[in-house]
Amino acid sequence: MTASIVGWAHTPFGKFDAETVESLVVKVATDALADAGISAEDVDEIVLGHFNAGFSPQDFTASLVLQADPKLRFKPATRVENACATGSAAVHQGIRAIASGAAKIVLVVGVEQMTRTPSADIGRYLLKASYLPEDGDTVGGFAGVFGKIAQSYFQKYGDQSDALAMIAAKNHKNGVANPYAQLRKDFGYEFCRAESEKNPFVAGPLKRTDCSLVSDGAAALVLTDSETAKTMGKAVNFRATAHAQDFLPMSKRDILQFEGCTVAWQRALAQAGVQLSDLSFVETHDCFTVAELIEYEAMGLTPRGQGARAIKEGWTQKDGKLPINPSGGLKAKGHPIGATGVSMHVMSAMQLVGQAPEGMQLKNAKLAGIFNMGGAAVANYVSVLEPAK
């Protein structure tokens with residue numbers, strides 16, 4: 001690969017009534033440039049990841065990044081969108097600009113503000129990431145879509161409620177040490193496993209603790225070519241990237257396979273010349289706990305139908321053989337859609353240079369895997385990162 005991360009920024013994720021899409025973008029763009037130690041005039045191109053789909057009334061947002069510094073005026077700026085994988089789509093677009101020689105330094109920003117949206121509209125907006133002719137009337141919105149997936153998985157492989165609760169408990173425990181996380185509370189397995197007034201069923205077998213949060217937030221990266229990165233204060237290299245897009249209708253595929261996820265992982269690992277077991281950790285797309293469970297299988301950690309083994313035998317804990325979501329994942333960190341993929345890259349880069357927050361930092365993290373998913377395994381992005389030598 002020819003690209004490296006040389007700076008980053010990240011707002012806390014949460015509910016921020018005093019913020020706007022514009023203010024969040026300006027904060028992280030300004031902070032990322034400062035973190036990289038460069039001026040706005042050094043930037044050759046800007047890529048903004050912003051899903052929107054109705055969450056923000058302002059729907060022409062690429063130029064909002066220019067509000068961070070007058071010196072960004074007249075720079076190429078483009079907004080990209082690919083459902084919940086929008087952030088990684090923006091990152092990969094920035095890498096392409098560098099690989100093509102069109103840019104030497106790219107500023108990538110991901111943002112979403114969701115919490116100002118009335119609850120009745122949130123499900124409708126999120127369903128825009130599904131195939132409306134088939135799923136447009138799903139009760140519970142996108143949670144309902146994944147509730148159906150969970151029901152199908154349970155019917156085929158047995159009740160996995162214990163495993164889902166373990167995944168939720170793991171990610172909430174990890175999120176306690178992440179100062180950027182929206183929900184920093186260790187709920188424990190028993191709370192996540194039991195239905196209660198505070199943890200009701202939301203859709204199918206999925207309870208509230210199985211679902212990621214509605215969030216506001218932003219994250220940003222400064223990318224450059226690997227030669228330029230050698231002159232910077234810090235650098236994390238892309239060893240591989242892969243993107244596999246699948247059919248939108250779930251009726252055209254076996255939704256329990258997450259085949260696009262498998263293809264993206266296979267391509268990225270082959271390109272990087274490594275195996276899954278070589279990775280130090282993975283940040284994966286746990287929009288719902290059942291998604292993380294199926295992703296264990298799709299990435300090749302376990303055979304099909306045996307994802308529960310990975311969580312029940314402790315493989316994916318922070319001290320396990322392949323820690324999954326040491327940041328707390330979308331489950332604890334939050335899921336401001338356009339920001340999520342960029343956030344995953346920031347969290348991973350921090351780990352690789354030893355700058356993750358205390359309690360979140362893994363020992364000797366040398367190789368990171370990232371999986372960011374749009375829709376129900378439709379847009380599938382994998383990155384493999386390593387610290388610059």
How far does [atom1] of [X] sit from [atom2] of [Y], to the nearest 0.5 angstrom?
X	Y	atom1	atom2	answer
E386	N237	CD	CG	6.0 Å
S343	F13	OG	CZ	4.0 Å
H243	S383	NE2	OG	11.5 Å

Assess whether atom [atom1] of [X] is packed by more than 12 heavy atoms of other residues, nucleotides or ligands within 6.0 Å.
X	atom1	value
K312	NZ	yes
D137	CG	no
K173	NZ	no

Anything under 30° is parallel, anything over 60° is perpendicular, the rest tilted; go ahead and classify F258 against F146.
perpendicular
Please verify the inter-ring angle class for Y381 with H92; under 30° counts as parallel, over 60° as perpendicular, anything in between as tilted.
perpendicular
Side chain to side chain, T316 and K170, heavy atoms closer than 4.5 Å
yes
What verdict does the salt bridge (charged side-chain N to carboxylate O under 4.0 Å, His left out) test give for D59 and R79, after you've listed the backbone C-alpha separation in whole Å, the side-chain angles of each residue and the deciding distance to 0.1 Å?
CA-CA 10 Å; D59 196 38; R79 171 187 161 194; 3.0 Å; yes
Against F238, only a single residue in T2, I5, V384 fulfils side chain to side chain contact (heavy atoms under 4.5 Å, CB included); can you say which?
I5
Any donor-acceptor N/O pair, [X] side chain to [Y] backbone, under 3.5 Å:
X	Y	answer
R124	G141	no
Q361	A356	yes
K198	R208	no

Between K75 and D44, does the salt bridge (charged side-chain N to carboxylate O under 4.0 Å, His left out) criterion hold? Intermediate values first, please.
CA-CA 6 Å; K75 308 282 187 183; D44 297 308; 5.5 Å; no
F247 six-ring centre to K252 NZ/CZ under 6.0 Å and within 45° of normal:
yes
Between K331 and E292, is the salt bridge (charged side-chain N to carboxylate O under 4.0 Å, His left out) condition met? List the steps.
CA-CA 10 Å; K331 180 79 269 290; E292 180 169 327; over 6 Å; no
